[in-house]
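Notes follow the structure.
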Amino acid sequence: MTADVLEDRYGLVADIVEPVHMGTDTINRRVLTDDGLRLFVKQYPSMADLDEARNAWDMSELKFPRDAGHSMLTP
């Protein structure tokens, strides 16, 4: 399912999708695309408050800048 969403929404072809066992409210995955892009994918439950999640992400960016080898995709 993750690979389908990445391709349908973002035009990315996932070669490898691995679960990352951390977090409590999300399903996390590590993805490697066919062109070598490394992604960290968070899947939120359908009832999640995405505005709250984006605010938390923005606040974490101030303290923990994103690793240069990873990218963030937004819906």
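As the structure is a computational prediction, the values presented were derived from the model and not from experiment.
- Between atom CD1 of residue Ile16 and atom CG of residue Leu32 there is a gap of 5.0 Å, rounded to the nearest 0.5 Å.
- Both Tyr10 and Val41 sit in one connected hydrophobic cluster of ILVMFWY residues. Membership requires side-chain heavy atoms under 4.5 Å apart, directly or through other members.
- Here the CE-CG distance, from Met1 to Asp8, works out to 10.5 Å after rounding to the nearest 0.5 Å.
- If you take CG on Leu39 and CG on Leu12, they are separated by 6.0 Å, rounding to the nearest 0.5 Å.
- In this structure, Ile27 CD1 and Thr2 OG1 are separated by 8.0 Å, a value rounded to the nearest 0.5 Å.
- Test Leu37, Thr33, Asp34 against Val13 for side chain to side chain contact (heavy atoms under 4.5 Å, CB included) and you get one pass: Asp34.
- The distance from the CG atom of Asp15 to the CG atom of Asp35 is 8.5 Å, given to the nearest 0.5 Å.
- The shortest non-hydrogen separation linking Thr26 to Lys42 is OG1-NZ, 3.4 Å.
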